[in-house]
Amino acid sequence: MGENTERHGIPGTIIFDGAEAKRGYGLNKMCFSFNEEANRNAFLADEDGYCRRYGLTDAQRDAIRGRDVLALLEHGGHPYYLAKFAGIFHLDVQDLGAMQTGLSKEEFKARLVEAGR
Amino acid sequence: MGENTERHGIPGTIIFDGAEAKRGYGLNKMCFSFNEEANRNAFLADEDGYCRRYGLTDAQRDAIRGRDVLALLEHGGHPYYLAKFAGIFHLDVQDLGAMQTGLSKEEFKARLVEAGR
Amino acid sequence: MARIVGSIMSTHVPAIANALERHDEADPYWKPFFDGYEAVHSWLDEVQPDVAVIFHNDHGMNFFLDKMPTFAVGCAPEYRHGDEGWGIPTVDPYPGHPDLSWHLVEVLVGDEFDITTCQEMLVDHAVTNPMKLLWPGGGVPIVPVTVNTVMFPYPSAKRCFALGEAIGRAISSYDVEPDLRVVIVGSGGLSHQLEGKRAGFINKSFDLRFVESLTDDPRWVTQFSGEDLVKETGSQGVELLMWLAARAALGGSVRRVTWNYHIPISNTAAGTLVLEPAA
Amino acid sequence: MARIVGSIMSTHVPAIANALERHDEADPYWKPFFDGYEAVHSWLDEVQPDVAVIFHNDHGMNFFLDKMPTFAVGCAPEYRHGDEGWGIPTVDPYPGHPDLSWHLVEVLVGDEFDITTCQEMLVDHAVTNPMKLLWPGGGVPIVPVTVNTVMFPYPSAKRCFALGEAIGRAISSYDVEPDLRVVIVGSGGLSHQLEGKRAGFINKSFDLRFVESLTDDPRWVTQFSGEDLVKETGSQGVELLMWLAARAALGGSVRRVTWNYHIPISNTAAGTLVLEPAA
Ligand SMILES: [Fe+3]
Ligand SMILES: [Fe+3]
């Protein structure tokens, strides 16, 4: 159980509070910049240089490199800003849902249908 | 008596309210840009082009051209942003006070001393 | 005095924009969702609003963590749809209604709401998708009201209710256009969670209880803290705060005009609700 | 629990930065002003604060009309002095105190203040000049609290008083560093007006009455509207709201440690005041 879960007690969920906002500031600022196409292209052209410019930590840099959403969240990434990062690779929220839950996309979608019964 | 004075009833004073904020938006945005030296230089190099980029009205453009602080205020300029414009010409708040009250700088300063008695 | 004709609550999931672009309204996946808007369109034809006040939350478009307001009110002449970064089609700017906006700001600050006033504001799918759903052929000028659900601490449900009430009163005191007909939009929800190991979380029974409460007992949800709401409705289910504020703007008793609920649209329990003031 | 050692209210006129750069402290024009800070320095030596919470107003540096908050709280690791555009010397960044900042934000939003949270914030002379005046040799980490006096509607004096009280309570409940000593700074005032035909307006009797009230009857000034305050103190004299919030943070009774008043510095009635909680 992570420290965020200890603070807030919600399993499988990181509440984006001050501690996360502090931890993730550079990472989120980088992802926020992806609202501009020129920045998305600049990132694709030179990932390392782009990450350096925003002062990412090594752990954040690794998680970006590995497209590892759960790790990005753990290191202060905010889902709304991370969505801009995921968008560069044309991942939709169901791709992301599957990745984070360890299911296939079809299994993830089936689980959602199930929730409606 | 201007419409602002009718609204707020304070002689010699324009209350910067929504109506002024609306009227002065482009002008104030231009002046806010003067927080950066590159922009101050760009303005000095091409006043017309710079004003056009911020969509100033003709009346605002004239008032900028005439360094006419009272007219700038009348057309929605905000004192804090206009101060950035005045700063380009190294005018301090007492130069501006004198200009706006029709006094010499010495007379304006004397009036301030008088207010302390 | 201006008059509030009613409130429309609507999900705003990004995928809606893609479905509309593909004309998927009759597709089996989408039909149960889009069908819910027919009654909304009939009602809008009847009540003919002139302007929409839209409670919404920003998703990393107009606000960043450098300056994150709890409550913001748009006072812009128009609202441009920004590039959201993941490729939904952008739409033409929506005209604003600056006079009504400034009136709201004046009344709200007078009522001790600490508003952030925005003379420029980019909007995202939380504004554009409800607009497309409600007015497929056009739309009305808008006044966006942004509620922070990006970063803790969120405003409490109680505070959001109070904001909605205050905006309702403020609209009623707007006398520049005495016949102005205002519709309130609450954009977001219902239960969903996009991120983390609990991604895909949905809570049908809480959603239904909440929607019930909006008619009978609108303060019911104000008993819950921000943490409670995340737990019960998912990280993004807290967008129900927009529904709550939109309900509160109507004041006393209301009548339910139409209600549709469908799980899932994308990762979300999609809800569409219209309430109008009881005669 | 953290403890508030007292509040320092100080004028922040830009010209002070130039006077300090020229070492004009003993110049006849400046001496009556700078002399007022000797007692402040002695008091600071005694109370040894660890951090300063600074109520200030932004002068077109960090905020523009696109996003103008009523109340903002800095949560940044450091605060950089921006280029103000008219050539006062810029100073090195001040370290922040993010943990205290976030604590304030959490408590304030819980208390129904609709704070704008700023993880980056440029500061202007309203922060740098008091810092230079109070700590000529250095300084302490800061938590800036920005109050809108740029654009009407301003928060009412009553609301600013409530904000100050809430911040006082929030500081008292900060238990991460139980021995933390906090000084409050109220930056701005007193009566002055820079613009318009009434430029140079000063109101000595109102200033004196107001400063009197801070000791004996701190809510006295909450009877005045924003318009009233502009009328009585000048367009920029409304910066007295920073003094009011700084006073309110002290709670109940206070003792005046030192007080200096001099007209004019630049276009301003300059005031320097220290209050501490009555034992
Ligand atoms: Fe959303
Ligand atoms: Fe000032």
Side-chain angles (χ1 to χ4, degrees), chain B residues 4 7-22 24-25 28-29 31-37 39-40 69-70 72-74 77-94 96-103 108-109 111-117, chain D residues 13-15 18 29 32 57-66 68 82-88 122 124 126 149-154 191-204 207 225-232 234-236 238 261-270:
Chain B
N4 191 287
R7 266 200 310 283
H8 300 287
I10 308 177
T13 305
I14 293 174
I15 294 253
F16 192 84
D17 57 12
E20 304 304 330
K22 219 161 51 171
Y25 194 76
N28 289 317
K29 192 171 174 178
C31 292
F32 182 68
S33 80
F34 296 148
N35 278 332
E36 287 180 40
E37 197 180 359
N39 294 335
R40 299 194 288 273
V69 180
L70 286 176
L72 287 166
L73 290 166
E74 241 169 67
H78 186 290
Y80 290 162
Y81 306 121
L82 292 179
K84 317 280 181 182
F85 169 64
I88 295 181
F89 309 102
H90 309 291
L91 298 170
D92 68 28
V93 291
Q94 297 187 323
L96 294 171
M99 283 166 66
Q100 296 175 99
T101 51
L103 301 174
F108 184 75
K109 289 171 84 165
R111 186 194 273 185
L112 284 160
V113 171
E114 195 49 45
R117 303 212 193 273
Chain D
V13 224
N18 305 109
Y29 183 85
N57 56 309
D58 184 74
H59 300 72
M61 169 53 60
N62 194 60
F63 297 107
F64 182 61
L65 303 170
D66 61 334
M68 185 56 69
D83 175 351
E84 305 204 28
W86 25 258
I88 67 167
L122 292 174
D124 66 19
T149 59
V150 173
M151 188 187 76
F152 262 65
Y154 301 156
S191 63
H192 63 301
Q193 173 156 339
L194 300 177
E195 87 288 0
K197 293 191 178 134
R198 207 173 66 139
F201 175 81
I202 276 176
N203 187 344
K204 185 174 174 178
D207 284 345
S225 70
E227 282 178 352
D228 288 343
L229 289 177
V230 170
K231 194 169 172 188
E232 295 294 344
S235 302
Q236 287 79 40
V238 293
Y261 185 61
H262 175 68
I263 298 170
I265 286 302
S266 195
N267 295 7
T268 299

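If you're wondering where the values come from, they're calculated on a predicted model, not measured in any experiment. Note on naming: letters A, B, ... go to the chains in the order of the sequence lines (proteins, then strands), and numbering restarts at 1 for each one.
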Problem - Over all atoms of both residues, closest heavy-atom pair of D/Arg198 and B/Pro11 - result: CD-O, 3.5 Å
Problem - B/Val69 versus chain D, the contacting section by heavy-atom distance below 4.5 Å - result: neither
Practice task
Please check if the side chain of D/Glu195 supplies one atom and the backbone of B/Thr13 the other of a donor-acceptor pair under 3.5 Å.
Solution key: no
Handout entry: Side chain, backbone, both or neither of D/Lys231 within contact of chain B (heavy atoms, under 4.5 Å)
Key = both
Practice task
Measure distances from D/Ser235 to the heavy atoms of chain B and classify the residue's part below 4.5 Å as side chain, backbone, both or neither.
Solution key: side chain
Handout entry: Atom group of B/Leu112 that falls short of 4.5 Å from chain D, counting heavy atoms
Key = both
Handout entry: Best-contacting candidate, D/Met68, D/Met151, D/His262, against chain B by heavy atom pairs under 4.5 angstrom
Key = D/Met151
Handout entry: Any B/Asn28 side-chain heavy atom under 4.5 Å of D/Phe64 side chain
Key = yes
Problem - Structural part of B/Phe34 lying under 4.5 Å from a heavy atom of chain D - result: backbone
Problem - Spacing of NE2 belonging to D/His59 relative to NZ belonging to B/Lys84, to within rounding of 0.5 Å - result: 9.0 Å
Practice task
Determine whether D/Asn267 and B/Phe108 make a side-chain contact, defined as any pair of heavy atoms from C-beta on separated by less than 4.5 Å.
Solution key: yes
Problem - Pairwise side-chain contact, B/Asn35 with D/Met61, heavy-atom cut-off 4.5 Å (strictly under) - result: yes
Practice task
Evaluate the criterion side-chain contact (heavy atoms from CB on, under 4.5 Å) for residue pair D/Asp83 and B/Arg40; output intermediate values, then yes/no.
Solution key: CA-CA 11 Å; D/Asp83 175 351; B/Arg40 299 194 288 273; 2.9 Å; yes
Exercise for the section: Measure the shortest side-chain to side-chain distance between D/Phe201 and B/Ile10 over non-hydrogen atoms and say whether it is less than 4.5 angstrom. Expected result: no
Exercise for the section: Specify the closest pair of heavy atoms between D/Ala199 and B/Arg111, including all atoms of both residues, with the distance to one decimal. Expected result: O-NH1, 4.2 Å
Practice task
For the residue pair B/Tyr25 and D/Asp66, establish whether any side-chain heavy-atom pair is separated by less than 4.5 Å.
Solution key: yes
Practice task
Step by step, work out the side-chain contact (heavy atoms from CB on, under 4.5 Å) result for B/Tyr81 and D/Val150.
Solution key: CA-CA 10 Å; B/Tyr81 306 121; D/Val150 173; 3.8 Å; yes
Exercise for the section: Using non-hydrogen atoms and a 4.5 Å limit, figure out which bit of B/Ala86 sits close to chain D: side chain, backbone, both or neither. Expected result: neither
Problem - OG1-OH distance between D/Thr149 and B/Tyr80, expressed to the nearest 0.5 angstrom - result: 4.5 Å
Problem - Atom group of D/Phe63 that falls short of 4.5 Å from chain B, counting heavy atoms - result: backbone
Practice task
Taking B/Gln100 for its side chain and D/Leu194 for its backbone only, find out whether a donor-acceptor pair lies under 3.5 Å.
Solution key: yes
Problem - Nearest atoms (heavy-atom pairs only) where D/Ile263 meets B/Ala115 - result: CD1-O, 3.9 Å
Exercise for the section: Quick one: pull up CZ in B/Arg7 and CZ in D/Phe152 and give me the separation to the nearest 0.5 Å. Expected result: 11.0 Å
Exercise for the section: Tell me, for D/Asn57 versus chain B, whether the close heavy atoms (under 4.5 Å) come from the side chain, the backbone, both or neither. Expected result: side chain
Exercise for the section: Let me know if B/His8 has heavy atoms under 4.5 Å from chain D in its side chain, its backbone, both or neither. Expected result: both
Completion exercise
Exactly one of B/Thr101, B/Ile14, B/Leu70 clears side chain to side chain contact (heavy atoms under 4.5 Å, CB included) with D/Lys197, and that residue is B/Leu70
